[in-house]
Participant: 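The structure is given below, and queries will be raised subsequently.
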Number of protein chains: 2
Amino acid sequence: MKFEEVTKKENLIFDGKVLHVYCDDIVRPDGKAAKREYAKHLGAVCVVPLTAENEVICVKQFRYAHHRMFLEIPAGKLDYAGEDRREAALRELREETGALCETLTHIGDIIPSPAILTERISMYLAEGLTFTETEFDDGEFIEIVKIPLAELVEMTMRGEIEDAKTQTAILKTWYLKNK
Amino acid sequence: MKFEEVTKKENLIFDGKVLHVYCDDIVRPDGKAAKREYAKHLGAVCVVPLTAENEVICVKQFRYAHHRMFLEIPAGKLDYAGEDRREAALRELREETGALCETLTHIGDIIPSPAILTERISMYLAEGLTFTETEFDDGEFIEIVKIPLAELVEMTMRGEIEDAKTQTAILKTWYLKNK
């Protein structure tokens, strides 16, 4: 295939708990040698928990890589390779917001940064919510905020939501409900 | 601040050309020690090149991390820290599609993966297009495809577009033009 880059040698640089970083020797489509840096990641899920009042349950948490708080929809990494993504979404929804749901609809996946990261995030819409207790993971410190869907769309359009999965999932939910 | 994670020791693991990988020793809000893995990245820009016929000029390219082709809007990394993002967007637009534009509108930024990656991608809408020659970067092999905006929105809603920046920028452009 005229666009394919072929692996000459896979070089694992850092085998972390979350990131598995590689700098492979490859051959470009024109036959020249080059390097490709990227990180393998297990993958993740995120959920738009939509209440009967058309509010979305969001979470605020500190993101160390950016040294500040982010407003996002509930999300989490898979626990292991090949974990059922619906099960993971139900778990993260319950752990972070205390919610159970009657329906969980898959609304697509995003690949956050295809050139450098294998992470794939599956997005779900959760409706028919009932509430139990939150069960944050050890080391997870989260603040819960309810925001009307229409307001979240406006915040996204004004550039006030930065997280990619939150912007995409909110715009998709709005389109599904209003188009 | 009750959510803050404080750096105890910054540990640079891999100082690559694109990725600068860290595994820092930190102190959690509850006082416990922990590790945080993340990668620093210069940042990037992407552009929705919208023709007078409401078509978007997209690019198909091989993404080595996924070993396959992706359909995306034109995009590229900044050349250096602090590079003017509008200038970078005009450069990538011209290099990848051969287009110049009359207006370039900033339609927001995305942070693809806030927990593990510092990358910020600024999104632009380019209109009033005129065409010159493409000037691909050395080692960049790209196929150009024109797709109507309305069809790209449907493809995004059906889950056929995976790239995060493309999904977000296409939905935002549609919302700006139709709402």
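Here is the naming used below: chain letters follow the sequence lines, and residue numbers restart at 1 for every chain.
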Participant: Can you tell which part of B/Thr166 gets under 4.5 Å to a heavy atom of chain A, answering side chain, backbone, both or neither?
Facilitator: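 Neither part.
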
Participant: Are B/Lys2 and A/Phe141 in a cation-pi setup, meaning NZ or CZ lies under 6.0 angstrom from the ring centre and within 45 degrees of the ring axis?
Facilitator: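 Negative - B/Lys2 is either too far from the ring of A/Phe141 or too far off its axis.
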
Participant: Looking at A/Lys172, I want to see if its NZ is surrounded by more than 12 non-hydrogen atoms of other residues, nucleotides or ligands under 6.0 Å.
Facilitator: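 Correct, the count exceeds 12.
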
Participant: To the closest 0.5 Å, what do you measure between CG (B/Asp25) and CD (B/Glu10)?
Facilitator: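 It is 11.0 Å, given to the nearest 0.5 Å.
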
Participant: For each of B/Ile161, B/Ile142, B/Ile121, tally heavy-atom pairs with chain A at distances under 4.5 Å, and name the one with the top tally.
Facilitator: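 Highest number of heavy-atom pairs under 4.5 Å: B/Ile142.
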
Participant: Report which part of A/Thr7 has an atom under 4.5 Å of a heavy atom belonging to chain B: side chain, backbone, both, or neither.
Facilitator: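 Both backbone and side chain of A/Thr7 come within 4.5 Å of chain B.
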
Participant: Report yes if some heavy atom in the side chain of A/Asp163 is under 4.5 Å from a heavy atom in the side chain of B/Ile111; otherwise report no.
Facilitator: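 Heavy-atom side-chain distance check fails, nothing below 4.5 Å.
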
Participant: Does some side-chain heavy atom of B/Leu152 sit less than 4.5 Å from a side-chain heavy atom of B/Cys58?
Facilitator: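 Sidechains of B/Leu152 and B/Cys58: in contact.
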
Participant: If you measure from the Lys or Arg side-chain nitrogens to the Asp or Glu carboxylate oxygens, is any gap between A/Asp30 and A/Arg28 under 4.0 Å?
Facilitator: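 Yes, charged N to carboxylate O under 4.0 Å.
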
Participant: Please state whether the side chain, the backbone, both or neither of A/Arg158 comes within less than 4.5 Å of a heavy atom of chain B.
Facilitator: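 The answer is neither part of A/Arg158.
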
Participant: Counting only non-hydrogen atoms closer than 4.5 Å, does A/His41 touch chain B with its backbone (N, CA, C, O), its side chain (CB onward), both, or neither?
Facilitator: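 Side chain of A/His41 only, per the 4.5 Å heavy-atom cut-off to chain B.
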
Participant: Please determine whether a side-chain nitrogen of the Lys or Arg among A/Asp24 and A/Lys9 lies less than 4.0 Å from a carboxylate oxygen of the Asp or Glu.
Facilitator: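 Looking at A/Asp24 and A/Lys9, the cut-off is not met.
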
Participant: Taking every heavy-atom pair that is under 4.5 Å apart, which of B/Val153, B/Ile107, B/Ile110, B/Val6 has the most such pairs with chain A?
Facilitator: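 Of the options given, most contacts go to B/Ile110.
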
Participant: Measure distances from A/Glu143 to the heavy atoms of chain B and classify the residue's part below 4.5 Å as side chain, backbone, both or neither.
Facilitator: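 Its backbone and side chain both get close to chain B.
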
Participant: Give the cluster check for B/Tyr64 versus A/Leu117: same hydrophobic cluster or not, with ILVMFWY residues linked at side-chain heavy-atom distances below 4.5 Å.
Facilitator: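 Unlinked, B/Tyr64 and A/Leu117 end up in two clusters.
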
Participant: Would you mind checking which part of A/Leu176 comes under 4.5 Å of any heavy atom in chain B, side chain (CB onward), backbone (N, CA, C, O), both or neither?
Facilitator: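 Contact with chain B: backbone and side chain both.
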
Participant: Could you tell me which portion of B/Lys32 (side chain, backbone, both or neither) has an atom closer than 4.5 angstrom to a non-hydrogen atom of chain A?
Facilitator: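 The side chain, not the backbone.
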
Participant: At a 4.5 Å cut-off on heavy atoms, which part of A/Asp109 comes close to chain B: side chain, backbone, both, or neither?
Facilitator: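 Only the backbone of A/Asp109 comes within 4.5 Å of chain B.
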
Participant: Go through the atoms of B/Lys17 and report whether side chain, backbone, both or neither lie under 4.5 Å from a heavy atom of chain A.
Facilitator: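 The answer is both parts of B/Lys17.
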
Participant: Are the side chain of A/Arg86 and the backbone N or O of A/Leu104 linked by a donor-acceptor pair below 3.5 Å?
Facilitator: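 Here the side-chain-to-backbone pair exists.
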
Participant: Quick one: of B/Ala39, B/Gly16, B/Gly108, who has the most non-hydrogen atom pairs under 4.5 Å with chain A?
Facilitator: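 So the answer, after comparing B/Ala39, B/Gly16, B/Gly108, is B/Gly16.
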
Participant: Counting heavy-atom pairs under 4.5 Å with chain B, which one of A/Arg120, A/Lys165, A/Met123 comes out on top?
Facilitator: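 That would be A/Arg120.
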
Participant: I'd like to verify something: which residue of B/Lys35, B/Glu160, B/Glu5 has the highest number of heavy-atom pairs under 4.5 Å with chain A?
Facilitator: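 So the answer, after comparing B/Lys35, B/Glu160, B/Glu5, is B/Glu5.
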
Participant: At a heavy-atom distance under 4.5 Å, which candidate from B/Ile170, B/Thr156, B/Thr168, B/Asn178 has the highest pair count against chain A?
Facilitator: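 It is B/Thr168.
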
Participant: With a 4.5 angstrom heavy-atom cut-off, could you sort out which part of A/Phe70 is near chain B: side chain, backbone, both or neither?
Facilitator: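 For A/Phe70, the contact with chain B is made by the side chain alone.
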
Participant: For B/Lys177, is there an ion pair with B/Glu127 - N to carboxylate O distance below 4.0 angstrom?
Facilitator: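 Judged by the 4.0 Å cut-off on N to carboxylate O distance, B/Glu127 and B/Lys177 do form a salt bridge.
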
Participant: Between B/Glu37, B/Glu162, B/Arg63, which shows the greatest number of heavy-atom pairs under 4.5 Å with chain A?
Facilitator: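 Ranked by heavy-atom pairs under 4.5 Å with chain A, first place is B/Glu37.
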
Participant: Quick one: what part of A/Val21 sits under 4.5 Å from any heavy atom of chain B, side chain, backbone, both or neither?
Facilitator: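 When you check distances to chain B, only side chain atoms of A/Val21 fall under 4.5 Å.
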
Participant: What residue in A/Gly159, A/Ala115, A/Ala75 has the most heavy-atom pairs under 4.5 Å with chain B?
Facilitator: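 The option with the most such pairs is A/Ala115.
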
Participant: As an exercise, state the distance from CG of B/Asn54 to OG1 of B/Thr173, rounded to the nearest 0.5 Å.
Facilitator: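 Those atoms lie 10.5 Å apart.
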
Participant: Drop me the distance from B/Leu100's CG to B/Thr132's OG1, to the nearest 0.5 angstrom.
Facilitator: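 B/Leu100 atom CG to B/Thr132 atom OG1 measures 4.5 Å (nearest 0.5 Å).
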
Participant: Could you check which of A/Met157, A/Gln167, A/Arg36, A/His67 has the highest count of heavy-atom pairs closer than 4.5 Å to chain B?
Facilitator: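 Among A/Met157, A/Gln167, A/Arg36, A/His67, the one with the most close pairs to chain B is A/Met157.
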
